[in-house]
There are 2 protein chains.
Amino acid sequence: MARRAGVSRATVSHVLNGRGRIPEETRQRVLAAASELQYTPSPAGRALVRGRSDVLVIVIPHTTFGRNLQDLVDDITAQADTHDLSVVVRFAGPDPEETLAAVQHFRPVAVVDFGVLGAADRDSLEASGAVVIPKLRPDDTLENNANFTIGELMVQELLRKGPRRLVFGALLDERSDPFGPARYEGMKHWAQAHGLPIPRRMEIPLHLAGARAALQAEFADEPIGVACYNDAVALAVLAAGRDLGLSVPGHLSVMGVDATAEGQLVSPRLTTLKADNGPVMARIAADLTSLDGRTGAHPGTPERTRPFTVIRGETT
Amino acid sequence: MARRAGVSRATVSHVLNGRGRIPEETRQRVLAAASELQYTPSPAGRALVRGRSDVLVIVIPHTTFGRNLQDLVDDITAQADTHDLSVVVRFAGPDPEETLAAVQHFRPVAVVDFGVLGAADRDSLEASGAVVIPKLRPDDTLENNANFTIGELMVQELLRKGPRRLVFGALLDERSDPFGPARYEGMKHWAQAHGLPIPRRMEIPLHLAGARAALQAEFADEPIGVACYNDAVALAVLAAGRDLGLSVPGHLSVMGVDATAEGQLVSPRLTTLKADNGPVMARIAADLTSLDGRTGAHPGTPERTRPFTVIRGETT
DNA sequence: TAGAACTGTTGACACGTGATATCAAACACA
DNA sequence: TGTGTTTGATATCACGTGTCAACAGTTCTA
């Protein structure tokens, strides 16, 4: 308690929160005493009286935590520090209910969701006063979903050297798969719109034997193009194709997502899709700043463009 | 407030914390009312009166967050849920001071550190009443450090096919490198003990051009063995060697750490080191349970064995 | 000059919990 | 019956903060 600054408790609170009218002279005196005593307001006290903590929870899906997500988390952390929020990262567990409870436990002022929360979860959180980010926009339909677009783009790249049968290579491991379905939908949508047969879906484990078995079951002498969930799956498919003696991209063309360093370091170099985090961060940053003003107005509905870049390697 | 269970506020507290003597009948009545009203004690209230929150902070170094760390985090989260702790993951930022402040901000009951905290940070946290895990043991010397052992093991594997000049391949990216130095020390220690010249150190960026330049500067016709910081670096070195026309493992033998799926899916298959998380988790779990009893006694100083497995591929 | 308006500061309360001392009732014993 | 003991439940306080009404001092207005 820095009340020994020759001033009362309430005044300190006013200074630190900028509420009442305070002359510059006392303001400085309070700030000096505060920094001298290393005074920090107790989060517990604030949370108790305000009914809400100053915590921002980032909910990460129970999936592979790659470079992309990590960069996003770093950016959000830096951004949130600006707003005097303390960032908490929560990895979703296998039990969604428990995850929601863990998030609620913090009574957070905001929650950044990367695809964990269902509609009911969002409602529950917002009912308790938290802001769920990214905010839902009227045009957040499946067709506008970034992962849907990814599916469409991959198909086009795979068909670059002429028609071939398309397959989606899903990731098979113990974790969940929050993004795969939308990408597969994007593939199917594009194929259907262009009169192509609906692409099949195969599950690829991340080891040679399993991937080989999956690919062997799917391949039938005609060329196929495999759009993979990510670069790791693509590498597994390539390893399987190599083991089966298939030519790339003759019999087998493969494409990944993420543009990982590994994919660009192997031979043949992987064709992959690189997503620019810029727009996502811009949208989150906008929602974050609108948190201060407490204004519900959307800041001009920021750009909806999804700048994806095809990194063309030697596998398509 | 579930005080409308026909009973007073204090009684509820007694029931939920198991303090006073309470007859089974009222106990059940309170519990029934609590679950009916979905009553959950306010974390803020508890934290305020107890001076400490029920938070366990996991501090992750500002480095590549790979599969290993993710598994550990998942395990710790599950373990901590058992002890009624809420887990918070904090990614260390570029500024260590800010990271410490962010951790202190939670006034956590425990902190699990993966190599971020310095001695002063530990002291500061423990002074504020937090338990820092893993607890320091008397025999936690550099030579007993797991990363030190990794360095020693890699050297032995690289020399399997006869003597060659050794190099450490450090990771060069914008993040920090918490584990690399200890591994390099392990290498140097083993080499010195066996009368070999001190291994040099080169920094490898995760793209072909940079890796190629680094390797070209280091290679001088005699065979070399590169012990890499992790599998990604090893793949970069392999790509560089391929581009320079070096034979593997004739001119260039390479070894990684982590046993990532990617490393086992490429050709040539990577020789790498797989670390079993079991002992680390056992130690953390022991420290975690000793948290309940508040006993400072070490539970028998658990096994110090470091079960590392060499996954021998085609690069050594 | 009396009253009104404004400025700067403060006392008091509420938030929800854990701990402690207290209190009423029932019971044992002389 | 009177006294001490045990049992079960509660009133009260403290934790550290934000907010609000109130207050003393000063300046403005009629």
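Hydrogens, waters and symmetry mates are skipped; everything else that's a heavy atom, side chains included, is used. Owing to the predicted nature of the structure, the values given are computational and were not obtained by experimental measurement.
- With sequence neighbours excluded, the residues satisfying side-chain contact (heavy atoms from CB on, under 4.5 Å) with A:P61 are A:T63, A:F114, A:V116, A:P178, A:F179.
- Partners of A:E36 under the salt bridge (Lys or Arg N to Asp or Glu O under 4.0 Å) rule, at least two apart in sequence or in another chain, do not exist in this structure.
- For B:R183 and B:F148, the positive end is not near the middle of the six-membered ring at less than 6.0 Å and at most 45° from its axis.
- Distance CG (B:L48) to C1' (D:dC15): 4 Å, rounded to an integer number of Å.
- The salt bridge (charged side-chain N to carboxylate O under 4.0 Å, His left out) contacts involving residues 58-71 of chain B comprise A:D173-B:R67, A:E174-B:R67, A:R175-B:D71, B:R67-B:D71, where partners must be two or more places apart or lie in separate chains.
- D:dT7 atom P lies 16 Å from atom CD of B:E24, rounded to whole Å.
- Sequence neighbours left out, not one pair with a member in residues 9-37 of chain A passes ring pair (Phe, Tyr, Trp, His ring centres under 6.0 Å).
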Give me the distances for all protein-to-nucleotides 19-26 of chain D N/O pairs that come in under 3.5 Å?
none

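- Helix-axis bend for the helix from C:dT1-D:dA30 to C:dA30-D:dT1: the local axis fitted to the five terminal pairs at one end deviates from that at the other end by 60°, rounded to 10°.
- Residue-level contact check: A:S42 touches the backbone only, with heavy atoms under 4.0 Å from sugar-phosphate atoms and none from bases.
- The side-chain contact (heavy atoms from CB on, under 4.5 Å) check on B:T141 picks up B:E143, B:N144, with sequence neighbours excluded.
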What donor-acceptor contacts under 3.5 angstrom involve side-chain atoms of residues 89-103 of chain B, with partners at least two apart or in another chain?
| unit_1 | atom_1 | unit_2 | atom_2 | d |
| --- | --- | --- | --- | --- |
| B:D95 | OD1 | B:E97 | N | 3.1 |
| B:T99 | OG1 | B:G93 | N | 3.2 |
| B:T99 | OG1 | B:D95 | O | 3.2 |

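- Taking atom CG of B:L16 as the reference point, atom P of C:dT17 lies 9 Å away to the nearest angstrom.
- Taking atom CZ on B:R27 and atom C1' on D:dA9, their separation rounds to 16 Å, with Å as the unit.
- Nucleotide C:dG18 holds its C1' atom 14 Å from the CZ atom of B:R52, rounded to whole Å.
- In this structure A:E25 satisfies the salt bridge (Lys or Arg N to Asp or Glu O under 4.0 Å) test together with A:R29, sequence neighbours excluded.
- Atom pair B:R46:CZ and D:dT17:P shows a separation of 21 Å (rounding to whole Å applied).
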